[in-house]
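Quick note: numbers below take in every heavy atom, side chains included, and nothing from hydrogens, waters or symmetry partners.
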Amino acid sequence: MTVDQAFTQALEYETRIRDQYLEAAADAIVPEARTFFETLARDEASHVAYIAHKLEQWKGSGAMSYEGLAAGLPEPGRLAAAIAKAASSFTAIAEGGHNAALSNALRAERETSAFYRSLVGELPGAAADVFARLLEIEDGHTAIVQAELDLL
């Protein structure tokens, strides 16, 4: 796969998952669920912008620099601890499709991570570094979504 193709496909993955989170937020009947999905959508939107910038950089000069991408969410370990603490006082409520939305999100996060994992070993230099960082973040999203699904 070429660098152009990798970044173009990455944009498709990130745009699709961002839109999925926005739709889940709009459909959420529980405010905490809406906030959860909106937060993930914002993080994915930052990935769309970052990848678009890197693709533009690549197309303009045939090279790119690697600038780190900050995760917009807390580290998965800290988040898992907070979820575990919340679970101890959790009261079940009607989930209104939250379970299905989380299951779809988990599938999308795993698919995106698998795609990035394949690119890390395939692409040269800075492009591989970009996808290695995106992989770390997406693996974190996977852990967060799994923890939320486990709580539900």
Side-chain angles (χ1 to χ4, degrees), residues 1 3-58 64 66-120 123 127-152:
M1 176 176 301
V3 172
D4 282 6
Q5 291 169 328
F7 278 92
T8 299
Q9 283 188 353
L11 276 172
E12 291 170 8
Y13 274 99
E14 295 291 345
T15 300
R16 184 173 57 238
I17 200 165
R18 178 208 56 204
D19 293 349
Q20 183 176 337
Y21 284 135
L22 288 172
E23 184 178 321
D27 292 344
I29 61 172
V30 177
E32 293 82 2
R34 184 177 314 105
T35 299
F36 178 80
F37 288 124
E38 287 171 345
T39 301
L40 284 166
R42 276 192 304 277
D43 206 40
E44 298 296 356
S46 74
H47 301 173
V48 170
Y50 182 78
I51 292 167
H53 170 70
K54 291 296 153 193
L55 180 58
E56 184 178 302
Q57 198 177 51
W58 175 257
M64 76 178 69
Y66 170 69
E67 298 114 23
L69 176 63
L73 300 173
E75 154 187 322
R78 282 185 43 219
L79 202 58
I83 289 171
K85 183 178 177 184
S88 66
S89 62
F90 183 73
T91 303
I93 56 171
E95 55 91 10
H98 190 57
N99 191 9
L102 285 169
S103 294
N104 289 336
L106 184 60
R107 188 171 24 264
E109 291 291 357
R110 286 178 174 162
E111 182 181 317
T112 302
S113 290
F115 174 65
Y116 291 160
R117 196 169 282 106
S118 71
L119 294 177
V120 168
L123 295 176
D129 293 340
V130 167
F131 287 107
R133 179 62 182 136
L134 284 164
L135 174 59
E136 288 175 33
I137 293 170
E138 294 303 333
D139 280 347
H141 288 182
T142 300
I144 289 164
V145 171
Q146 182 66 63
E148 182 80 5
L149 191 56
D150 291 347
L151 177 62
L152 188 65

Salt bridge (Lys or Arg N to Asp or Glu O under 4.0 Å) partners for [X], two or more places apart:
X    : value
E136 : R133
E56  : none
R110 : none
R16  : E111

When rounded to the nearest 0.5 angstrom, what is the spacing between [atom1] in [X] and [atom2] in [Y]?
X    : Y    : atom1 : atom2 : result
L134 : H141 : CG    : NE2   : 9.5 Å
E138 : I144 : CD    : CD1   : 10.0 Å
D150 : L106 : CG    : CG    : 9.0 Å
Y13  : I51  : OH    : CD1   : 11.5 Å
K54  : H47  : NZ    : NE2   : 14.0 Å
E23  : N104 : CD    : CG    : 9.0 Å

Once side-chain hydrogen bond (donor to acceptor under 3.5 Å, both in side chains) is applied, do any residues pair with [X], and if so which ones, sequence neighbours excluded?
X    : result
S113 : D139
D19  : none
Y116 : E14

Among residues at least two apart in sequence or on other chains, which ones pass side-chain contact (heavy atoms from CB on, under 4.5 Å) with [X]?
X    : value
T35  : T39
R34  : A25, A28, P31, E38
A108 : I17, Q20
A6   : M1, L119, L123, F131

- Message: Determine whether a donor-acceptor pair (N or O, by modelled atom type, separation under 3.5 Å) exists between the side chain of T15 and the backbone of E12.
- Response: no
Between [X] and [Y], which heavy-atom pair has the shortest distance, and what is it?
X    : Y    : value
F7   : A127 : CE1-CB, 4.1 Å
R18  : A45  : CD-CB, 3.8 Å
L102 : V145 : O-CG1, 3.5 Å

- Answer whether the closest heavy-atom distance between the side chains of F37 and D27 falls below 4.5 Å. no
- Item | ring pair (Phe, Tyr, Trp, His ring centres under 6.0 Å) involving Y21 - partner list, sequence neighbours excluded | none
